[in-house]
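A quick write-up on the structure given underneath.
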Amino acid sequence: MQEIDKLPKAYDPSSVEEGIFKAWEDNGYFDPDKLPERNLKGEPYCIVFPPPNRTGNMHLGHAKTVAIEDILIRFHRMLGRKTYWVPGTDHAAISTQVKVEQILIKQGMKHPRVELGREKFLEKVREFAQGSRDNIVSQCKAMGGSMDWKREKYTLDTERNKAVNTVFKLMYEDGLIERGNRVVNWDPQFKTTLSDDEVLYKEVEATFITFTYDKDFPIAISTTRPETKFGDTAVAVHPDDERYRQYVGKTYTANFCGKEIKIKVIADHEVDPEFGTGALGVTPAHSMIDFEMALRHDLPLVQVIDQDAHMTVEAGADFAGLTTVEAREKIEKLLTENGCLIKSEKIKQNLPIAERGGAPVESIPMLQWWVRVNKKFKLRQNTLGKWKKGEEATLKELMRHAVDSGQTRMLPDNFEKIYFHWIDNLRDWCISRQIWFGHQVPVWYKGEDMKIGNDFPGEGWERDPDTLDTWFSSGMWTFSTLGWPDAASIDAAGNVVKSGELGEYHPTSVLETGRDIIFMWVARMILMTTYALGEVPFKDTYLHGLILDEQGRKMSKSLGNSIEPLEMIPKYGTDAVRLSLVMGSSPGMDQKLSEEKIKDFRNFTNKLWNISRFILMQIENNPTQPPLTVRGGEEGSQSLTLADRWILERLAEVQGRVTKLIQDYQFSQAGELLRDFTWSDLADWYLEIAKVEKGKEAILRHVLETIIKLWHPFMPFVTEYIWGLMGNKDLIVAEWPSAVIPVEAGIQSASEFETVRTLITDVRRLRAEQGVEPAKFVDVCLVGADDHSLVRESEMIIKQLARLSDLKSVETVPEGWATAVSGTMTLGIDVAGTVDKEKEKAKAEKEIAELKPYIESTRAKLANQDFISKAPEKVVQSMKDKLAEAEAKLKALE
RNA sequence: GGACGUUUAGCUCAGUUGGUUAGAGCGUUCGAUUCACAUUCGAAAGGUCGCAGGUUCGAAUCCUGCAACGUCCACCA
């Protein structure tokens, strides 16, 4: 043991954290296969770490993920389970590529991709991604994350590529992946398609015009985007709309701003007759809705906007080459001149923009790869306990059943509704992207021929230049990291046979991530996993909220309101940062965070440090104390005072409840409970008593060891450090305290101690408020005090009381007094002589005024037969007790 | 337009299947201070639990309606 006196008065995290982390790592405790024997035999517990994007640094969201998952991992490790926390990073395709492009442009390049070419450009991206990866790893370590980076995975490494190509091929063979010419979300800035989830909407003011294509066209339509109208091939009206019934089925040729267009009038239920003129110009090439309508009515596609957001030749010679905005202005002018413009108004419109970059997203038709979510396919294996091999289902049905059946549980559970709602609205998923950084589509073309696979098939074959949506690969994360596809096969009965890590850890125990990526990632993982393995990827889904600044805004670089975890750690210590991210937040709820809050938890860390320092000093001063093997009341046992019993009972209660709360993912409540016990019960009460009642070293040690264990998942560094100072080793793999108190039967109810606490509080208050010096104690006794040991204890407590309240004289009970006066007595103090009568009276009157209505209403209630007959016994009894208490108090006051 | 949340002390938030005088931390005010810790200790003040109904012996908690705020989805052409 170190020399306790020489330990600093304030805990200094920066001097110890690195060394502690290194020791854990060197001892292999992050590696599931190097854990102690009891863990190796324990039930596997697995979490895949949501791989941070390789786009720079970790932010608070990641830090929160690390904090929460590390609590879970450390907790289960201490429980004796075989814990595997799978670490990794995400290539984040478009985000990373865009980031690198921006950097290169800043460095002076005009068109980095054109100037460098695919391979050289990718080289730059990889270099950047590697740097980001190194940052992320060291930041996860700084946060105390106990994952084994030797087992690191990457969404873009060889093994993950194999998984991606395998799923792609299987899905293609099952008809779930197809290449099709459909309307896509097109980002003209980065020249790539986007999935529906990568499109955001911004409210802008737009000009909404009502017009006819030309003078002779019989139906007026409305739009905010007249430039797309060159691509109109139909006008749609509601089938029941009397106004237009006569036109339905007819085809017109119109001259729209100098370009001849053919318009068929169709009837479709999708049209809202109340909106605008009740007639809709159908532009199949530049609207998802119109595209679907065109499929139903077999309408032709005319593309008038190209991939640079310029007008094509289809828009006529006068318009070809103009930007959409230029074309729009020109058309408005022409329509006005021609007298075709009927109305022009300003409306609020939701403009689709790209999640990255923010450029307006165009809808244009393109030949792309799609995952079909509504297509029935033949299952390759028994799935989710519902479908047998060979039966048919859709991906949507699989996704729904995974959660519906409870095989994956969502926390908080209202996210299940959100999830189902999303599934119901889900459309086919466009998975190909025109960017370079990512998994290249594993398809080769030679004329009309096509081959699926990663390897070059030979002379004349050319590979699809596109890459896959980053979520296509991250959707496989739970099983691609555990050895799939090699570790799985399907037996004759249609069951999936898993081996190796896949067999041991899949389905994983819990997925913990930010609630903002439930669709992007959580849902995609369920899709991929139920398809590929016929089982769910994880049993529980815990979604945490976003971290906001003090004013409730999202933290962002541009607002300059973000708190960097890496700046906070050296300032306040990792433990404080972790606590601030976990405490005061409940599942799924957003959380406001300020530096002030982190500071408060630094103070608590220091409190725990000083509690430990004090206890260590006690132990050091009296090292020969026997260990705590107390059997209350037994021969030769160490006698327990009331305070001892009280603290041990509280401790037992706390450890039981904390365990339950962590199991229920109620981390904040677990932490609050522990903090309350540590600060109020232990530091403010028990340690004060221990200063006068000597010989408590065994109990102090036991209590400290227990709370250090309970705190370890939350604050791993300070606890491990204290653990070491106590002469122990490797708290990280210590056994989680069981809820059984080491002191067996014989502990009588410690509620007497509560009486003593109340008394001490009263004395303090009297002194503080009125300057009263209680003259002496009289009538000392404890409820049911009919044995000598309790009398002795009460004497100890009185001494403590005297010390705490600086009493001038103390009269202790004479030996045998309590037993002589049998029965129930009260513990009280005599303050006669020094009381300020007026103040005392006013106070008493106030209290009486509060008590009286309570007593009255309670009496009335207890007199009510209806209440008595229907309320549970327990409630009635507790009311009676409280009433009696209040009545006694009232009597005393009067 | 649809869905999902939130509304509790000055601020940030707990409140576990409805249980009887509603809790914590911070802040405020007052007081303490050699004795583990000023990154400390004690005490006080502060709430008709968003509003209106309903169910119940009993409601912050369940139901209905309303309001404010927030998030997500759809995209109105």
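The shown structure was predicted, so the numbers you read here are calculated from the model rather than taken from an experiment. Residue numbers start from 1 in every chain, and the chains themselves are labelled A, B, ... in the order their sequence lines are given, proteins ahead of strands. Any value given below was found using the heavy atoms of this structure, including those in side chains, with hydrogens, waters and symmetry copies removed.
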Answer with base, sugar-phosphate or nothing: what part of the nucleic acid does [X] contact at a heavy-atom distance below 4.0 Å?
X: A:Asp516; result: nothing
X: A:Ser586; result: sugar-phosphate
X: A:Gly276; result: nothing
X: A:Ile418; result: sugar-phosphate

Quick check on [N]: is either OP1 or OP2 less than 4.0 Å from any side-chain nitrogen or oxygen of [X]?
X: A:Arg427; N: B:C75; result: yes
X: A:Lys9; N: B:C37; result: yes
X: A:Ser222; N: B:A77; result: no

(request) Ignoring the backbone of A:Arg613, work out which of B:C37, B:C75, B:U12 is nearest its side chain. (result)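 Nearest to the side-chain atoms of A:Arg613, counting from C-beta on, is B:C37.
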
(request) Just compare B:A14, B:C73, B:U40 and give me whichever is closest to any side-chain atom of A:Trp679. (result)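 Taking heavy atoms from C-beta onward, the closest nucleotide is B:U40.
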
(request) Any chance you could list the contact pattern along nucleotides 56-64 of chain B? Use B for base contacts, S for sugar-phosphate-only contacts and - for none, protein heavy atoms under 4.0 Å, 5' to 3'. (result) -B-------

(message) Which label fits A:Trp609 and A:Tyr11: parallel for a plane angle under 30°, tilted from 30 to 60°, or perpendicular past 60°?
(response) tilted

Among side-chain atoms of [X] and [Y], is any donor-acceptor pair under 3.5 angstrom?
X: A:Gln666; Y: A:Lys660; answer: no
X: A:Ser585; Y: A:Lys64; answer: yes
X: A:Asp428; Y: A:Asn374; answer: no
X: A:Asp12; Y: A:Ser15; answer: yes
X: A:Thr207; Y: A:Lys346; answer: yes
X: A:Glu227; Y: A:Thr324; answer: no
X: A:Thr283; Y: A:Lys229; answer: yes
X: A:Tyr213; Y: A:Asp232; answer: yes

(request) Output the residues of residues 595-607 of chain A in contact with RNA chain B, where contact means a heavy atom of the residue under 4.0 Å from an atom of the strand; sort by number or write none. (result)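 Close to the strand are A:Asp600, A:Arg602, A:Asn603, A:Asn606, A:Lys607.
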
(request) Starting from Watson-Crick (N1-N3 plus N6-O4 or O6-N4) and G-U wobble pairs under 3.5 Å, report the runs of at least three that RNA chain B belongs to. (result) B:1-7 with B:67-73, B:10-13 with B:23-26, B:28-32 with B:40-44, B:50-54 with B:62-66

(message) Just the rounded figure in Å: distance from C1' of B:C75 to CZ of A:Phe291.
(response) 18 Å

(message) Taking the six-membered ring for Trp, are A:Phe601 and A:Tyr572 closer than 6.0 Å centroid to centroid?
(response)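 No, they do not, as the ring centres are separated by 6.0 Å or more.
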
(request) For A:Asp590 and for A:Leu851, locate the closest nucleotide of RNA chain B by heavy-atom distance; then report the residue assigned to the nucleotide nearer the 5' terminus. (result) A:Asp590

(message) Salt bridge or not between A:Arg296 and A:Asp268? Use side-chain N to carboxylate O under 4.0 Å.
(response) yes

